[in-house]
2 protein chains.
Amino acid sequence: MATIYDVAKRAGVSITTVSRVINNYPNVKETTRQHVLSVLKEMSYIPNANAGNLVRKLTSTIAVLVPDITNSFFTTLVRGIEDKANERELSVILGNTDEEAAKEKLYINKFLERRFDGLIIVPVESRGKNLKAVQKQNLPLVIADRDVEGINTDFVSSDNWLGAQLLAQHLLELGHRDIALISGPLEISVFRERAQGFKMVLNDNNISIQDELFLYGPKPSKQVGYELTRKLLASDATPTAIFAGNNSLAIGVVLALQQAGIKVPRDISVTCFDDNDSSSTLDPFFTSVIQPAYMIGYMAAELLLKRLKNNGDTNPTRLILKPELITRHSTASPASSS
Amino acid sequence: MATIYDVAKRAGVSITTVSRVINNYPNVKETTRQHVLSVLKEMSYIPNANAGNLVRKLTSTIAVLVPDITNSFFTTLVRGIEDKANERELSVILGNTDEEAAKEKLYINKFLERRFDGLIIVPVESRGKNLKAVQKQNLPLVIADRDVEGINTDFVSSDNWLGAQLLAQHLLELGHRDIALISGPLEISVFRERAQGFKMVLNDNNISIQDELFLYGPKPSKQVGYELTRKLLASDATPTAIFAGNNSLAIGVVLALQQAGIKVPRDISVTCFDDNDSSSTLDPFFTSVIQPAYMIGYMAAELLLKRLKNNGDTNPTRLILKPELITRHSTASPASSS
DNA sequence: GTGAAAGCGCTAACAG
DNA sequence: CTGTTAGCGCTTTCAC
């Protein structure tokens with residue numbers, strides 16, 4: 001592959017001049033520029049980013065790490081990040097941690113080695129071990145969606161308590177009293193907060209908490225939603241509604257119900273957080289609390305950019321956006337309440 | 001961030017020795033090694049990959065480009081690549097082209113600049129313009145799934161003609177004669193081949209081809225599947241079955257049918273290529289031709305690795321794997337055939 | 001076993 | 001406007 005030296009020699013100028021042309025510096029005579037440009041093209045020159053990054057000490061790219069690349073909540077969030085980053089000519093590089101702390105650690109290490117300019121992460125490892133390593137290297141860091149205690153940095157999320165409360169109130173208003181919770185692990189902040197908001201509403205309405213109705217799995221996935229629902233159905237609990245911790249869990253829930261011959265919402269109502277994907281734009285089904293995924297990503301990128309500009313020394317900002325309840329076709333009054 | 005010089009100074013050795021320890025070279029006295037190791041840890045040293053890549057002229061990472069990161073066919077394929085790559089300690093970096101040639105071009109450029117060791121791509125731009133640029137730089141290249149004429153390199157896919165024929169035969173055996181095709185663009189090899197295989201079977205069975213039953217959209221997406229199906233329903237064609245070009249299109253097809261009050265498979269049968277996602281493991285619905293997505297990725301990585309080892313000078317290999325017809329619940333005999 | 005020195009391809013002062 | 005020079009942080013001969 002051609003280097004800047006090859007180009008310089010062929011064009012009969014110094015490498016500095018070539019560099020100036022490549023980087024669009026103004027102080028080059030127009031004829032020289034045109035000539036160099038043509039040689040550049042002729043030789044199919046492609047700059048070596050490793051060399052450039054090394055001397056510049058900047059890579060012009062930020063890294064993004066999300067737990068589940070197949071979940072539209074996260075892909076939408078990433079798109080928000082990309083759009084903001086592209087406004088400033090920054091590339092974004094994406095990693096999928098698969099809800100596994102070990103993968104998260106590996107990715108973080110790779111990112112550190114490559115000296116990316118910053119990291120936006122929806123964390124998996126909730127005790128902050130992985131993120132401490134990031135901060136130790138002074139890599140500008142923004143956390144999105146899931147809070148991690150002990151890590152003091154910019155944070156963007158939505159109001160999970162409020163969202164859970166909206167969902168719970170909606171179900172109560174429909175007449176439900178026995179509501180099950182199918183949730184991800186309580187170590188992850190959003191599931192903890194949603195469970196808390198939910199129980200708070202039950203308490204406020206003097207509805208006794210039945211522990212056997214609250215099921216927590218290791219991951220917020222379809223698979224787990226399915227398994228937990230099977231377990232719920234096998235128990236002698238008799239919920240008239242199910243509150244799923246997120247969109248993926250909700251799909252698992254509905255599949256398990258379908259398989260058991262239980263109709264939604266006729267026999268049981270189902271609600272959840274977040275939309276499922278573009279198909280739901282066409283055939284919206286779930287009554288759910290929609291978080292502003294795109295905006296969370298967009299704002300996270302904005303905070304990171306600000307941090308990059310100020311050389312890192314900004315006070316940590318916490319941004320909590322408002323979610324919104326969208327009532328659709330997966331909820332109805334309980335059959336027995338009539 | 002600590003450099004190798006900082007570590008060397010603190011440890012009282014030369015940078016060469018530090019480098020040897022970092023890279024696990026054998027010729028270092030054990031006590032020296034231990035000492036350097038402890039200093040490395042103490043200083044939280046993280047090697048600068050840009051510097052390393054620059055001198056090594058290798059990055060130990062391969063790039064992967066797929067058209068739709070939300071489609072489980074591609075995520076499964078990518079997992080196959082990752083597994084094979086990880087066997088050889090290679091990282092993989094993933095890009096999502098969103099079925100857009102322009103994005104593909106941007107990604108390819110970034111990858112070239114970063115001097116990755118190789119590229120595995122499911123191409124979008126079907127005239128080979130983007131890939132020519134790759135070959136001009138001598139970047140080891142493997143094409144997966146979609147063929148691109150004019151680009152002579154390793155290629156792994158599955159037998160799309162055969163798959164389409166299996167699907168068509170299945171429908172014919174059920175008694176269908178008026179079968180619609182909802183497809184992605186013919187510029188993309190797999191859709192071209194599937195359409196050909198399908199029509200071939202119709203011809204072989206003396207079924208006249210009704211052009212109004214064949215609809216091609218710009219992208220193989222849910223959205224497009226939905227829109228084409230609406231168009232089909234609005235026309236005066238009366239198919240008893242629909243052959244969707246891939247899994248995403250199929251979802252759009254079913255949504256449009258649902259919305260029109262048409263039941264699958266009672267009123268109309270639907271088949272497609274590929275599975276939809278993990279949810280279909282729980283509740284398999286579509287009768288479809290399943291391509292060995294994981295194996296396609298795995299073999300693609302294997303070919304790339306071979307090419308890397310042999311310094312690029314291997315003869316191009318073409319690997320066409322067998323797909324499999326899985327009969328499930330979206331197909332039945334036409335109502336009118338009774 | 002260990003170190004000195006050259007150089008990967010590029011940018012950024014500094015001169016002119 | 002243009003060129004010379006000194007690194008960026010690391011690996012890799014080549015000596016000792």
Side-chain angles (χ1 to χ4, degrees), chain A residues 1-37 39-40 43-61 109-117 137-139, chain B residues 1-37 39-40 43-61 109-117 137-139:
Chain A
M1 299 191 67
T3 74
I4 205 173
Y5 283 95
D6 305 328
V7 176
K9 184 182 291 179
R10 169 104 67 120
V13 297
S14 73
I15 60 165
T16 313
T17 298
V18 177
S19 175
R20 287 196 180 105
V21 172
I22 292 170
N23 297 292
N24 253 306
Y25 284 14
N27 48 343
V28 180
K29 209 206 307 180
E30 193 50 28
T31 59
T32 317
R33 176 187 305 279
Q34 291 308 329
H35 177 227
V36 172
L37 240 24
V39 175
L40 246 16
M43 303 185 75
S44 302
Y45 172 81
I46 295 189
N48 184 325
N50 294 310
N53 294 341
L54 184 57
V55 23
R56 254 194 270 260
K57 287 165 179 302
L58 281 178
T59 56
S60 298
T61 107
N109 223 42
K110 286 274 173 242
F111 290 169
L112 253 15
E113 290 181 356
R114 287 194 198 283
R115 302 293 193 267
F116 290 130
D117 296 350
Q137 305 295 333
N138 287 313
L139 179 68
Chain B
M1 298 192 69
T3 74
I4 205 173
Y5 283 95
D6 304 328
V7 175
K9 184 181 290 177
R10 172 102 68 119
V13 297
S14 74
I15 61 165
T16 314
T17 298
V18 176
S19 175
R20 289 197 179 101
V21 172
I22 292 170
N23 297 293
N24 254 306
Y25 284 15
N27 50 341
V28 180
K29 210 204 310 178
E30 192 51 28
T31 58
T32 318
R33 177 188 304 280
Q34 290 308 329
H35 178 224
V36 172
L37 241 23
V39 175
L40 245 17
M43 303 184 76
S44 301
Y45 173 80
I46 295 190
N48 184 326
N50 293 311
N53 293 341
L54 183 58
V55 22
R56 254 194 268 262
K57 288 169 181 299
L58 282 178
T59 56
S60 298
T61 106
N109 222 42
K110 287 274 173 240
F111 290 169
L112 252 17
E113 290 181 357
R114 287 192 198 286
R115 301 293 193 267
F116 291 128
D117 296 349
Q137 304 297 331
N138 287 314
L139 180 67

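Side chains included, hydrogens not; waters and symmetry mates left out as well; all remaining heavy atoms used. To find a chain, count down the sequence lines: A is the first, B the second, and so on, and within it residues start at 1. Keep in mind it's a predicted model, so treat the numbers as computed, not measured.
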> How close or far is atom P of D/dG9 from atom CD of A/Glu113, stated in whole angstroms?
Replying inline: 16 Å
> In terms of the nearest nucleotide of DNA chain C, which residue is placed more toward the 5' end: B/Glu30 or A/Pro47?
Replying inline: B/Glu30
> Can A/Ile15 and A/Val7 be said to form a side chain to side chain contact (heavy atoms under 4.5 Å, CB included), step by step?
Replying inline: CA-CA 8 Å; A/Ile15 60 165; A/Val7 176; over 6 Å; no
>> Does D/dC10 have OP1 or OP2 under 4.0 Å away from a side-chain N or O of B/Tyr45?
In response: yes
> Contact class for B/Ile15 vs. all strands (heavy atom < 4.0 Å): base, sugar-phosphate, or nothing?
Replying inline: base
>> If you go through the side-chain atoms of A/Arg20, does one of them form a donor-acceptor pair with the base of D/dG3 closer than 3.5 Å?
In response: yes
>> Classify A/Asn48 by what it touches in the nucleic acid, base, sugar-phosphate, or nothing, heavy-atom distance under 4.0 Å.
In response: sugar-phosphate
>> Rounded to whole Å, how long is the line connecting atom NZ of B/Lys29 with atom P of C/dG1?
In response: 8 Å
> Can you check whether B/Ser44's main-chain N or O pairs, donor with acceptor, with A/Gln137's side chain at less than 3.5 Å?
Replying inline: yes
> From C/dT11, C/dA5, C/dC10, pick the nucleotide closest to the side chain of A/Tyr5?
Replying inline: C/dC10
>> When you measure from the side chain of B/Asn23 to the backbone of B/Tyr25, do you find a donor-acceptor pair of N or O atoms at a distance under 3.5 Å?
In response: no
>> Rounding to an integer number of Å, can you tell me how far B/Leu54 CG sits from C/dC10 P?
In response: 9 Å
>> With a 4.0 Å cutoff (strictly under), does any side-chain N or O of A/Thr32 reach OP1 or OP2 of D/dC1?
In response: no
> When the distance from CZ of B/Arg33 to P of C/dT2 is rounded to whole Å, what number comes out?
Replying inline: 9 Å
> At under 4.0 Å, does any side-chain N or O of A/Tyr25 touch on OP1 or OP2 of C/dA12?
Replying inline: yes
> Of the candidate nucleotides D/dT11, C/dA12, C/dG3, which contains the atom at the shortest distance from the side chain of B/Ser14?
Replying inline: C/dG3
>> Would the distance check show the side chain of A/Asp6 and the main-chain N or O of A/Thr3 forming a donor-acceptor pair, the cut-off being under 3.5 Å?
In response: yes
> Can you tell which of C/dG9, C/dA12, D/dT2 lies closest to the side chain of A/Thr17?
Replying inline: D/dT2
> Under the 3.5 angstrom rule, does the side chain of B/Asp117 hit a backbone N or O of B/Thr59 as a donor-acceptor pair?
Replying inline: yes
> For B/Thr3 and D/dG9, is the shortest distance between a side-chain N/O and OP1 or OP2 below 4.0 Å?
Replying inline: no
>> Measuring to OP1 and OP2 of C/dC8, would you say a side-chain N or O of A/Asn50 lies under 4.0 angstrom away?
In response: no
> In whole angstrom, what separates B/Asn53's CG from D/dT11's P?
Replying inline: 10 Å
> What integer distance in Å separates A/Arg115:CZ from D/dC10:C1'?
Replying inline: 11 Å
>> Measure CG/B/Asn27 against C1'/C/dG3 and give the value in whole Å, please.
In response: 12 Å
> Over how many whole Å does the gap from A/Arg114 atom CZ to D/dC10 atom P extend?
Replying inline: 15 Å
> Nearest to the side chain of B/Val55, which nucleotide is it out of C/dG1, D/dC10, C/dG3?
Replying inline: D/dC10
>> Just verifying a value: how many Å separate A/Lys29 NZ and A/Gln34 CD, rounded to the nearest 0.5 Å?
In response: 12.5 Å
> How is A/Thr16 classified with respect to the nucleic acid when contacts are heavy atoms under 4.0 Å: base, sugar-phosphate, or nothing?
Replying inline: base
> Is any side-chain nitrogen or oxygen of B/Asn23 closer than 4.0 Å to OP1 or OP2 of D/dT11?
Replying inline: yes
> Out of D/dC8, C/dT2, C/dT11, which has the shortest distance to the side chain of A/Lys57?
Replying inline: D/dC8
